[in-house]
Amino acid sequence: MSSDLRPPTSDLSSQYDHAAAQSKWYPIWQEKGYFHAEADDPRPPFTIVIPPPNVTGALHLGHALNNTLQDILCRMKRMQGFNVLWMPGTDHAGIATQAVVERRLLEEEGKSRHDLGREGLVERIWQWKEQYEKRIIGQLKQLGCSCDWDRKRFTLDDQCARAVRETFFKLFSDRKIYRGKRLVNWDTFLQTAVSDDEVFHDPVKGHFWHFKYPVIDPQKGEPKHVTIATTRPETMLGDTAVAVHPDPARQLDKVEAELKEKLAAAPAKEKDEIQAQIEALGDRRQSILPQLIQLRKMAARGVQLELPLTGRTIPLIADIWAKPELGSGCVKITPAHDENDYQVWQRNIDIGAINILNPDGTLNENAPEKYQGLTMKKGRTAVVADMEAADLLVEIEDREIDLAHSDRSKTPIEPYLADQWFVKMDELAQTAMDAVTDGQVKILPERYTKTYLDWLSEKRDWPVGRQLWWGHRIPVWLCKTQIKPDYSKNLADPQVVDPNVSLSLASETISEVKKQLSEFLRAQGIQASEYEVSLHDHSYLHICTMSDACDSALLELKRYQNGEATPQKDVRTTVQELMRSLGPIEREDDVLDTWFSSALWPHSTLGWPEETAELKKFYPTSTLITSRDIITLWVARMVLTGVYNMGEVPFSEVYIHPKILDGYGETMSKSKGNGVDPLDVIEKFGADALRFGIAYLTTETQDVRMPVEFECPHCQTLIKQTKKNRTLTRIECDKCGKPFSTQWAESHGTDDDRALPRGAVVSERFELGRNFCNKLWNASRFALMNLEGYEAAAVDDADLLLEDRWLLSRLATVTDKVTAALNSYHYADAARALYGFAWDEFCSFYVEMVKSRFAEPKQRATAQRVIAHALDTLLRLLHPMIPFLTEEVWQLLGQVAPERGLAKPQAAAESVCVAEWPEADASHIDKTIEEQFADFQKVLGAVRELRQSQNIPPKEAITFVVTCEKATADLLMPLQPYFESMARATLEDAGVTVVSSPRTASKSLSGMAVHVDISEFFDVDAERTRLEKERDQLAKFVKSLAGKLGNENFVSRAPAEVVDAQRQKLAEAEGQVASLEAALAKLGD
RNA sequence: GGGCGAUUAGCUCAGUUGGUUAGAGCACUAGCUCGACAAGCUAGGGGUCACAAGUUCGAGUCUUGUAUCGCCCA
């Protein structure tokens, strides 16, 4: 694969060309099949399933983070010899995608989904999906992700559909799927229920209307009206009761006690306010309590109220939801349109519930005729006006209301009572909790286990139906039986949803229907195993189908019912019977919640329900890397379905990574205009820089703030993104004044805006990665330039110089550190270790020191072998983070040094992708060598510092001596050439007694002192100032140490080694002070 | 309202079980084009570790409280 390479010579550019490397290597990796995993590969498997990105839109920086982290792990594991499968794919993201396509349809063509019809719209969404899936996959490839593209899946593809159907059928057969009435968050724009998780709350300015409801036939002394207050007056049309607290006096006591407790604990500035509240409560005892007690008695008597405007009467009831401490103490109850009122209804089932809304948010036939068809907003105005006209409006207060909005359409949510499909969660949730508490699934960082367990422990049933067209259609047919069961038995209240009760009670009565149905279906060639029937609400049949053939058969039945077809003779009698006992049969229109299909992702992608070789080999997967906001929605549900379908958890570890925020600490999103397209970063800095930057900032505790800038496409000036300018469609450059368009223009701009050149959004935080890549590139160039004549051979330890041993020792340490860090998801630690080693040790010292050795024929060969080996190891360690650069250099290195290694040189792998992951050679780790080298570094640093502080021009050669112990002197003297080349300084002597020139600038180090001869550059004042400053600093340190050691408590209670260490430090520091004093004395006046 | 997390240099962040004079990158200052690298090199300035109390011989690190910010859940 090296045929198309340039020769590795010095004509390589001094800037790393990331674009070229990216476009060259990715296709080759793919052709070579490095990313493809086979089930019959005997090596141990390592599997990650990608958190499938939504096909809603292109990937943003958060995805880049998520996928980079996965890729780093996959690439390392691949090098470690695992059979790595990274399963890629995308998510159909039901509601989100349909909403995007619908919005676009409306904006661009002025059409609604109803204009297109179900098939037409779904067709459009498929087109959208194709377009964005392509873009997303392109982005992942640009990023360097080593996914097995031969196995790409989509949550709505045939394979996933099979898994979904199988799972649904299994759940249905296990009686874990039921249909119930629930108050849902109704999005009137999209006309679908949205889950709680898709709702956000926004405070808006609103009002509090106080209404009077007349009491019917009040007894003497009883009030003629009951006052209630509401923020949503139009819902009164659906009221079914007014509630008063069952024990208002005790409730007031309770509230008062709580307030007093709060008062005692409250900080001074809040005390006044709480005190005022307590007093107000006291007043209420006088003003309102007697009346509430009276109302309570009236409720017990069964008093009815007149519900104004409707001609209905509603009961006054007693319920704890009424708050005697607030407002009038009474509350209207609208069970079909308020969560709390719904709960009241559950406790007082007789009051019933009245749904006054149409799916489109207008008032329906349950409202009085004059309001029907009005929107809620218009209904509100009308109701308020009519109440006022009837003299039943008491007052209007201003009030801020926390209003629920749909995350998808951004319109207000209407609570709405609707039939919904649910998955029973009690047992399923428990299995998912057990998996984590047993330690079968480990969540990292550990604190997120709490999020997971807390959510599951609520065991709330999962509403899985969505009134959408884009998704897996629920495979159920519904119809009403015409056979009336005998309800003379004492049935549970039909309003209470309990499928088990209904089922057992009514089972006898439907056996007849079931028999007819199975006869019919058998005649159509349908097996009993292909469908499952259950009874709902005593008279509704739910037929869950497992096959398309079964659906066709039922469709045929529907056609008979509609008179569109006539049954064959042989089934005619059966069909006639069936048609007598069944009402019209309809297929469920709803589709499943997207998370239903994503929940199956780890096993559905591997072929379940087929028992595939892949499933056997790669399930359970190894690890899941995802972001914390879907721990509950996705992770928990994958565990639950994994255990349910496979009998085994889907993965053993879950790593939750941080989130990328913008410079203001806000989450990035397209809708805020502060998103960053990874491609912009890749174009400007390169994929390697992006990846390294991401790894570098992926720490365990913190989310990451990333201030972002627009880059002017005309002059490359960076313009800080602010909350204000991020939603402009065009910006004029601060510097060149020319306008450019922004990403906001794509969705909100005019054609004129979009015609302008686009300003990329980038962040200077990726400069770190770019600079690092460039540094490595140049260090590699240096090595390549000097490897001419390289011959592989075993290197004898005796031939290694101090710097070689030091480098190898450090390399071994770093190898261990990086491996351990990556294995435990400490990406930043790994990145920082590599950055520090490569830049500050390999480049700044080893490369500098080895320069002179390349000029020495005798030393050249060993130096070449060591540097080739070190570079080889470094490339392998860095490859998971910066795959393109490392591959580029790996190939170049392979041309001049095809065989590498110290003890036993071996042929290098054909690609760094498949090279072996380095193992630290423990025999190379040598603390003594590292300490000795540190002495050298200190002396070199002192010389450089003195040179600068004395303003000695860099070109001037200087001489210096070092006072130190003999052993140190023996170490330093042979390093003479390095002082020469790295500080342009000659070490003339070193030892216990050395003769220094009369005029020196000195620096004292622990156990050593460096004296630079400055006869020719002498600046007494500068030197004195510097020495004094240093002495004062040290004196302070000495004082603090002496104080510490003088403290009897410290000496007696601290561990001996700590005390000893302090003593040693003190002695050293005192020595340094003395030598500084001496140097000062030598300066004279 | 409940839970989780954060607050360290102008900015973005590290700082392992408490133990040197608290680190890095960017930005800043001064000097440097020496054949790997100006996206660079050398040196330098810059911090009361949010605030308060406590535990301890010793606190950026542990405890409690306060303030501010973020996220999740109701």
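Protein chains get the first letters and strands the later ones, always in sequence-line order, with residue 1 at the start of each.
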Checklist entry - Is A/Y16 touching bases, backbone alone, or none of the nucleic acid, heavy atoms closer than 4.0 Å? => result nothing

Checklist entry - When all nucleic acid strands are considered with a 4.0 Å heavy-atom cut-off, which category describes A/R770: base, sugar-phosphate, or nothing? => result base

Checklist outcome for this item: Those stems involving RNA chain B that have three or more consecutive Watson-Crick or G-U pairs, both distances under 3.5 Å, are B:1-7 with B:67-73, B:10-13 with B:23-26, B:28-32 with B:40-44, B:50-54 with B:62-66

Item to check | Pair A/F979 and A/F960, ring centroids less than 6.0 Å apart | outcome: yes

Checklist entry - Among all residues two or more places apart in sequence or in another chain, which pass the side-chain hydrogen bond (donor to acceptor under 3.5 Å, both in side chains) test with A/Q343? => result A/E339

Checklist outcome for this item: 5' to 3', nucleotides 56-62 of chain B under a 4.0 Å protein heavy-atom cut-off (B base, S sugar-phosphate only, - none) gives -B-----

Checklist entry - Which pairs with one or both residues in residues 821-843 of chain A pass side chain to side chain donor-acceptor pair (under 3.5 Å), sequence neighbours excluded? => result A/K77-A/N823, A/T623-A/Y825, A/E653-A/Y825, A/E700-A/H826, A/R810-A/E841, A/S824-A/H826

Checklist entry - Taking the side chain of A/N771 as its heavy atoms from C-beta onward, which of B/A36, B/A39, B/U12 lies nearest to it? => result B/A39

Next on the checklist: Classify A/Y696 by what it touches in the nucleic acid, base, sugar-phosphate, or nothing, heavy-atom distance under 4.0 Å.
Outcome noted: sugar-phosphate

Next on the checklist: To the nearest 0.5 Å, what is the distance between OH on A/Y846 and CD on A/E848?
Outcome noted: 13.0 Å

Item to check | Sugar-phosphate only, base, or nothing, as touched by A/K851 at under 4.0 Å among non-hydrogen atoms | outcome: base

Checklist entry - Base, sugar-phosphate, or nothing: which does A/R947 touch, judged by heavy atoms less than 4.0 Å apart? => result nothing

Between the protein and nucleotides 41-48 of chain B, list every N/O to N/O distance that falls short of 3.5 Å.
residue: B/C41; atom: OP1; partner: A/K775; partner atom: NZ; Å: 3.1
residue: B/C41; atom: OP1; partner: A/W839; partner atom: NE1; Å: 2.6
residue: B/U42; atom: O2'; partner: A/Q948; partner atom: NE2; Å: 3.1
residue: B/U42; atom: O2; partner: A/Q948; partner atom: NE2; Å: 2.9
residue: B/G45; atom: OP1; partner: A/K1029; partner atom: NZ; Å: 3.4

Next on the checklist: I want to verify a distance call: between B/U21, B/C32, B/C13, whose nearest atom is closest to the A/P954 side chain?
Outcome noted: B/C32

Which atom pairs, one a donor and one an acceptor, fall under 3.5 Å between side chains of residues 1036-1046 of chain A and the rest of the protein, sequence neighbours left out?
residue: A/S1040; atom: OG; partner: A/F1037; partner atom: O; Å: 3.2

